[in-house]
Amino acid sequence: MIVDDRVLSEDFVPSEVVHRHDEVNRLSEAVEPLVSGGRPDPAFLFGPTGVGKTCIARYTLHRLGEQLPSVRVAYVNCWQEYTRFRVLYNLLETVGRAFDVHRSTAKDELFGRLRAADDAPIVAILDEVDQLEETEVLYDLNQLPHVSLVLIANREEELFAQFDDRVRSRFRAGTRVTFDRYGGDELVAILDERARQGLEPDVVGESQLRTIADAAAGDARVAIGILRSAAQRAHSRGDDRLTDDLLADAIPDARIAIRRETIEGLPDHQRTLYEVIDERGEIEPNELYETYEARVENPKTRRTVRNYLTKMAHYDLIAATGERRGRTYRVVEPLADAKPVDGR
DNA sequence: ATTCCACCGGAATAGCGGGATA
DNA sequence: TATCCCGCTATTCCGGTGGAAT
């Protein structure tokens, strides 16, 4: 049934892209100066989730790396690596100079090492860069002539709003590549390609791919997740084809499973907060805190809880409605935004 | 219209953990 | 071993704000 499950995984980079040729070309042009030993301006990739930004960045720069073996490509996801230290550490790691770096190494030691690693160009892909908390590191990196930046974020305005003036003015220049949502046909083509590589022939039919594509609402990540989930269920049952029933189960499952994993991965206090909000449906800040306070062993302070709440809102686990007085929190339903997309 | 105050979130500070250094 | 240094989290302090109360 499943031939190669990596093909169906989140971060698989295909050897050929099915769509997005324009976007690949734009990004290739942006980093083109590297071929002649020049220094590209920073490149920006903008667009909603699941439209192939990360995939295209990796694909394009992998291609460049084949053409120019000396170029080193580093990928950093700023969701996890949101401090200056962590970004620099990750860059050093791909350059192979992170040995004996530890928390107590001097403040500018990391940056100094990166500056010294100038024997070959480095392309730094900073994904989800709008999650970066210490944006000055972008300014610093931009100062290094051998480092080229590829920055990935959802929306340009929101990204630039977080920058301080120094960073903002430096990054006015640069190539912007924007990604639109996939249409139904495009998603079907992507799924078809993945199914051909990852599954045995005739496991899934054209109309089933269409069903998945409709449920995914233009989000390739969700679409591939549904296909993976359905294939895994069929696989463990010993079936050799996907049934429509199985697919119907897998569609809500794929979204909920992602959600459940995130919640289970939350630290205890944050999970308790989530549970309280979930139980009440809608709850005011003070009542939320008092319920939380009564429920846990060593409650954190109100300020810390506020930090947790903003963080969880950031993850799209909860949402707040209203400002200041009269504000309420509620959980975000993972299924709420599943809208079918027209097939064109 | 004015005052009140619940709530948010920025900034500074403290404390912990853990490797380095002497 | 004692001390230093630093990243990171939580805490303390506080100013700003807009809806509610008067």
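To find a chain, count down the sequence lines: A is the first, B the second, and so on, and within it residues start at 1.
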query: Can you say whether the rings of F160(A) and F163(A) are parallel (under 30°), tilted (30 to 60°) or perpendicular (over 60°)?
result: tilted

message: Base, sugar-phosphate or nothing for R86(A)? Non-hydrogen atoms, less than 4.0 Å.
response: sugar-phosphate

message: What is the distance, to the nearest angstrom, from the CD atom on E287(A) to the P atom on dA6(B)?
response: 15 Å

message: Using whole Å, what does the distance between atom P of nucleotide dC8(C) and atom CG of L88(A) come to?
response: 11 Å

- request: Please determine if a side-chain N or O atom of Y89(A) lies less than 4.0 Å away from the OP1 or OP2 oxygen of dC6(C).
  value: no

field: Donor-acceptor side-chain pairing of Q162(A) and E158(A) below 3.5 angstrom
entry: no

Measure all distances between protein nitrogen or oxygen atoms and nitrogen or oxygen atoms of nucleotides 12-16 of chain C, and list the pairs falling under 3.5 Å.
from: dG16(C); atom 1: N2; to: R324(A); atom 2: NE; distance (Å): 3.2

field: Nearest-angstrom distance from the residue atom CD1 of I318(A) to C1' of dC8(B)
entry: 13 Å

Short heteroatom pairs, N/O only, protein and nucleotides 18-22 of chain B, under 3.5 Å:
from: dG18(B); atom 1: O4'; to: R103(A); atom 2: NH2; distance (Å): 2.4

Donor-acceptor contact present, side-chain S229(A) to main-chain I226(A), <3.5 Å: no

- prompt: Side-chain heavy atoms under 4.5 angstrom apart, residues restricted to Ile, Leu, Val, Met, Phe, Trp, Tyr: same cluster for I56(A) and V31(A)?
  reply: yes

field: Polar side-chain atom of R280(A) near backbone of L288(A) as donor-acceptor pair, under 3.5 Å
entry: no

task: Compare side-chain N and O positions of Y329(A) against OP1 and OP2 of dC8(B) and report whether any pair is under 4.0 Å apart.
output: yes

query: Once you round it to whole Å, what is the distance between C1' of dA6(B) and CD of E290(A)?
result: 12 Å

- prompt: Under 30°, 30 to 60°, or over 60°: which ring-plane class applies to Y315(A) and W79(A), parallel, tilted or perpendicular?
  reply: parallel

message: R233(A) and salt bridge (charged side-chain N to carboxylate O under 4.0 Å, His left out): which single residue from D245(A), D239(A), D253(A) fits?
response: D253(A)

- prompt: How are the rings of Y292(A) and Y289(A) set to each other: parallel, tilted or perpendicular (split at 30° and 60°)?
  reply: tilted

Residues, nucleotides or ligands: over 12 heavy atoms within 6.0 Å of D119(A) CG: yes

message: Can you measure K311(A) atom NZ to dC8(C) atom P for me and round it to whole angstrom units?
response: 12 Å

- request: Give, ordered by number, those residues of residues 91-99 of chain A having at least one heavy-atom distance below 4.0 Å to an atom of DNA chain B; if nothing qualifies, reply none.
  value: none

message: Taking any heavy-atom pair under 4.0 Å as a contact, classify Y308(A): base, sugar-phosphate, or nothing.
response: sugar-phosphate

- prompt: Hey, does the side chain of R327(A) come within less than 4.0 Å of dA6(B)'s phosphate (OP1/OP2), counting only N and O?
  reply: no

- request: Let me know the distance between OH of Y292(A) and C1' of dA10(C), rounded to the nearest Å.
  value: 11 Å

field: Verdict with reasoning, R194(A) to R228(A), per side chain to side chain contact (heavy atoms under 4.5 Å, CB included)
entry: CA-CA 10 Å; R194(A) 296 291 174 102; R228(A) 179 179 61 237; over 6 Å; no

message: Any side-chain to backbone donor/acceptor pair from R97(A) onto L114(A)? Under 3.5 Å, distance only.
response: no

query: Over how many whole Å does the gap from N307(A) atom CG to dC8(C) atom P extend?
result: 16 Å

task: Round to the nearest Å and state the distance from H269(A) atom NE2 to dT9(C) atom P.
output: 14 Å

task: Please report the C-alpha distance between T328(A) and T321(A) in whole Å, then the side-chain angles of each, then the deciding distance to 0.1 Å, and finally whether the side chain to side chain donor-acceptor pair (under 3.5 Å) criterion is met.
output: CA-CA 6 Å; T328(A) 56; T321(A) 47; 2.9 Å; yes

